[in-house]
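Data first, discussion second: the structure below is written as structure tokens.
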2 protein chains.
Amino acid sequence: MAAKPSGAQGDRPRRLRASPQSAPPQSAPPQSASPESAPPESGSSESLEGPRTEPSLSLDRIVAAAVELLDTRGVDGLKMRQLADRLGAGAMSLYWHVENKEMVFDLALDSVLAYRGPPQKAESRDWRGEVFHMLEDWRASMLRHPWSASLLPRRALGPNILSRLELLSNTLSRAGVADADLNAAIWSLWNYVIGATVTRASFVLSDEDRSVAQQRLTGLGEHYPTIERSRLLLDDDWDGAFRKGLDFLLDGLAPRS
Amino acid sequence: MAAKPSGAQGDRPRRLRASPQSAPPQSAPPQSASPESAPPESGSSESLEGPRTEPSLSLDRIVAAAVELLDTRGVDGLKMRQLADRLGAGAMSLYWHVENKEMVFDLALDSVLAYRGPPQKAESRDWRGEVFHMLEDWRASMLRHPWSASLLPRRALGPNILSRLELLSNTLSRAGVADADLNAAIWSLWNYVIGATVTRASFVLSDEDRSVAQQRLTGLGEHYPTIERSRLLLDDDWDGAFRKGLDFLLDGLAPRS
DNA sequence: ACCTGAACACCGTTCAAGT
DNA sequence: ACCTGAACACCGTTCAAGT
């Protein structure tokens, strides 16, 4: 479906660091500074010159700081000036490394989506368990960075998310999903995970908020009898609901055998 | 699940128009100026004074203009100054009618989500057809206003969307979905529709964009063999994919009989 | 090659004031 | 009750310079 792998957004004329997205996603982690990766290897090429107190600006450092800022301040809380400040750099220094704020979003987003693979050895015959694990891990990764889910559907697709889709596709294919159904199956799961995660990350309400919401619904009870009775807005078990719905969907997807 | 019907956002201290969301959603349409509604009844109370050339500001007019602006300019294109300008009002006049920009978003969003009901008479026994129609209509309403889908999960739930959820819940319940599964079923469908629509509204690429994307994927083919072969990113049939996935999900949801 | 401050063209919102 | 312009405290980004 009309999605766009990053790097495809037309040639940008001006100064631009070598795009890390063009590196193969498997071999070396594109952003080693990603909080999802192993501890950043701070040692650069030469360690002869002693410790750098203020390592100069780099894409990796920028991306890592952006993720931190996004985690604490949210999507609207990421300001270019503040990001530079955090890095001990002058206000406008970022613009030598990145094209614009959009690019910061793209890089931060994909850096958060690295997948480590299933816990046990590969080639399990339990395709359903594998898919379940992949999607729960995907959701968990995004919930660890609540700004990421809402960004994902509207940004270029980076190497990490493409790898996840590749693995998902491969697994479903091996499980026996017909080629003609494969894309529809993948997008169904994509839709479900994105919808669930965006919703869960967005509706963050205190207990009081929620009880006020339900009270309000009760007040209007005559208009919403069914969802009032089922306490739709009070339901708290996000994880359980996610798994239950995923079960429904996988039941429907399962190749009839 | 922890969602919040609008109006529950705590008492605001300052000037504030009587919230139209508190009106029952069924009886009278909350925003008669909504583009989803019948032609706006421009005649106010007294028609004795002749035609007003410049009808004074009102919540309805503001909401209608906001929807127009959002449709043409997108989420980031809605500016309070420009909105006032469109209404022939002074720059800051809006703030007497609305609390802030957030409130404009909430009202515009719900105004776009009115549901007219199924085409034929009620009480059909075809629950699956009913659900299908409701969800396709919901998606279509949001795609007519591409900014709406991404806004829905993070805003207060207005009367129109609550009505849709109520009807959906009621239909599923009548169809035989167990009470214990009801909320999970509703949120599954919500997740699917939101994910599908947000994605479809966001990935708007030209044909050239898409072929560039696929070419790029082919270039990296060794890393993404499966999705490269299935042409995941080239697939164009959004409507078909939506229906197919919905079929999968409803298969899983269908009460075993 | 890499970084910088000043400046530009915007924003949402407050406020004191008008009718 | 309803509307207004000026002003405040911000933004992202450009630009001409610095080293």
Side-chain angles (χ1 to χ4, degrees), chain A residues 9 12-20 44-46 49 52-63 65-66 69-70 73-108 147 151 154-155, chain B residues 9 12-20 44-46 49 52-63 65-66 69-70 73-108 147 151 154-155:
Chain A
Q9 53 258 51
R12 295 277 169 66
R14 309 192 320 112
R15 53 211 166 149
L16 185 58
R17 284 271 39 76
S19 153
S44 85
S45 44
E46 337 267 342
E49 325 201 6
R52 294 164 162 269
T53 36
E54 194 60 73
S56 68
L57 239 36
S58 74
L59 249 197
D60 284 359
R61 288 191 65 226
I62 291 173
V63 172
L69 213 44
L70 284 163
R73 306 282 226 269
V75 196
D76 295 333
L78 180 65
K79 322 285 169 102
M80 292 301 270
R81 292 174 216 251
Q82 194 178 349
L83 180 54
D85 229 57
R86 278 248 191 157
L87 292 163
M92 296 296 98
S93 309
L94 300 177
Y95 284 91
W96 196 88
H97 298 268
V98 300
E99 188 85 349
N100 48 31
K101 196 178 176 179
E102 256 193 52
M103 186 172 166
V104 177
F105 276 128
D106 285 337
L107 295 174
W147 46 273
L151 247 40
R154 49 177 154 168
R155 308 229 62 91
Chain B
Q9 54 257 52
R12 294 277 170 66
R14 309 193 320 114
R15 52 209 168 154
L16 184 60
R17 283 270 37 76
S19 153
S44 86
S45 43
E46 335 268 344
E49 325 203 4
R52 295 162 163 271
T53 37
E54 195 59 71
S56 67
L57 238 36
S58 74
L59 248 197
D60 283 359
R61 287 191 67 227
I62 292 173
V63 171
L69 213 43
L70 284 164
R73 305 284 225 269
V75 195
D76 295 333
L78 181 65
K79 322 287 169 102
M80 292 301 271
R81 291 173 217 252
Q82 194 178 351
L83 181 55
D85 229 56
R86 277 247 192 159
L87 292 163
M92 297 296 100
S93 308
L94 299 176
Y95 284 90
W96 195 87
H97 298 268
V98 300
E99 187 86 349
N100 48 30
K101 197 179 175 178
E102 255 192 55
M103 186 172 166
V104 177
F105 275 127
D106 285 339
L107 295 174
W147 46 272
L151 247 41
R154 49 176 151 169
R155 308 229 60 91

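When the C1' atom of C:dC10 is taken as reference, atom CG of B:Asp76 falls 14 Å away, rounded to whole Å. Following rounding to the nearest Å, A:Leu59 (CG) and C:dA1 (P) show an atom-to-atom distance of 16 Å.
Remark: A:His97 is in phosphate contact with C:dC3, judged by side-chain N or O atoms under 4.0 Å from OP1 or OP2.
In DNA chain C, runs of at least 3 stacked Watson-Crick or G-U pairs (N1-N3 plus N6-O4 or O6-N4, or N1-O2 plus O6-N3, all under 3.5 Å) give these stems: C:4-8 with D:12-16, C:12-16 with D:4-8.
When all heavy atoms of A:Ser93 and A:Leu57 are compared, the closest pair comes out as CB-CD2, 3.6 Å.
Formation of a donor-acceptor pair under 3.5 Å by the A:Asp60 side chain with backbone atoms of A:Val63 is not found in this model.
Residues satisfying the side chain to side chain contact (heavy atoms under 4.5 Å, CB included) test with B:Ala84, not counting sequence neighbours, are B:Leu94.
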Would A:Glu102 and A:Arg155 satisfy side chain to side chain contact (heavy atoms under 4.5 Å, CB included), going step by step from the backbone distance to the final call? CA-CA 9 Å; A:Glu102 256 193 52; A:Arg155 308 229 62 91; 3.1 Å; yes
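Sequence neighbours left out, not one pair with a member in residues 88-97 of chain A passes salt bridge (charged side-chain N to carboxylate O under 4.0 Å, His left out). Within the structure, every pair that satisfies the side-chain hydrogen bond (donor to acceptor under 3.5 Å, both in side chains) test and touches residues 80-91 of chain B, not counting sequence neighbours, is listed here: B:Glu68-B:Arg86.
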Using a cutoff of under 3.5 Å, can you pull out all pairs of nitrogen or oxygen atoms linking the protein to nucleotides 11-13 of chain D, with atom names and distances?
| unit_1 | atom_1 | unit_2 | atom_2 | d |
| --- | --- | --- | --- | --- |
| D:dC11 | OP1 | A:Lys79 | NZ | 3.2 |
| D:dG12 | OP1 | A:Leu78 | O | 3.4 |
| D:dG12 | OP1 | A:Lys101 | NZ | 2.8 |
| D:dG12 | OP2 | A:Met80 | N | 3.2 |
| D:dG12 | N7 | A:Arg81 | NH2 | 2.5 |
| D:dG12 | O6 | A:Arg81 | NH2 | 2.6 |
| D:dT13 | OP2 | A:Tyr95 | OH | 2.7 |
| D:dT13 | OP2 | A:Lys101 | N | 3.1 |

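Counting only heavy atoms from C-beta outward, the side chains of B:Met80 and B:Val98 approach each other to under 4.5 Å.
Here the straight-line distance linking atom CD1 of B:Ile62 with atom CG of B:Leu107 works out to 9.0 Å at 0.5 Å rounding.
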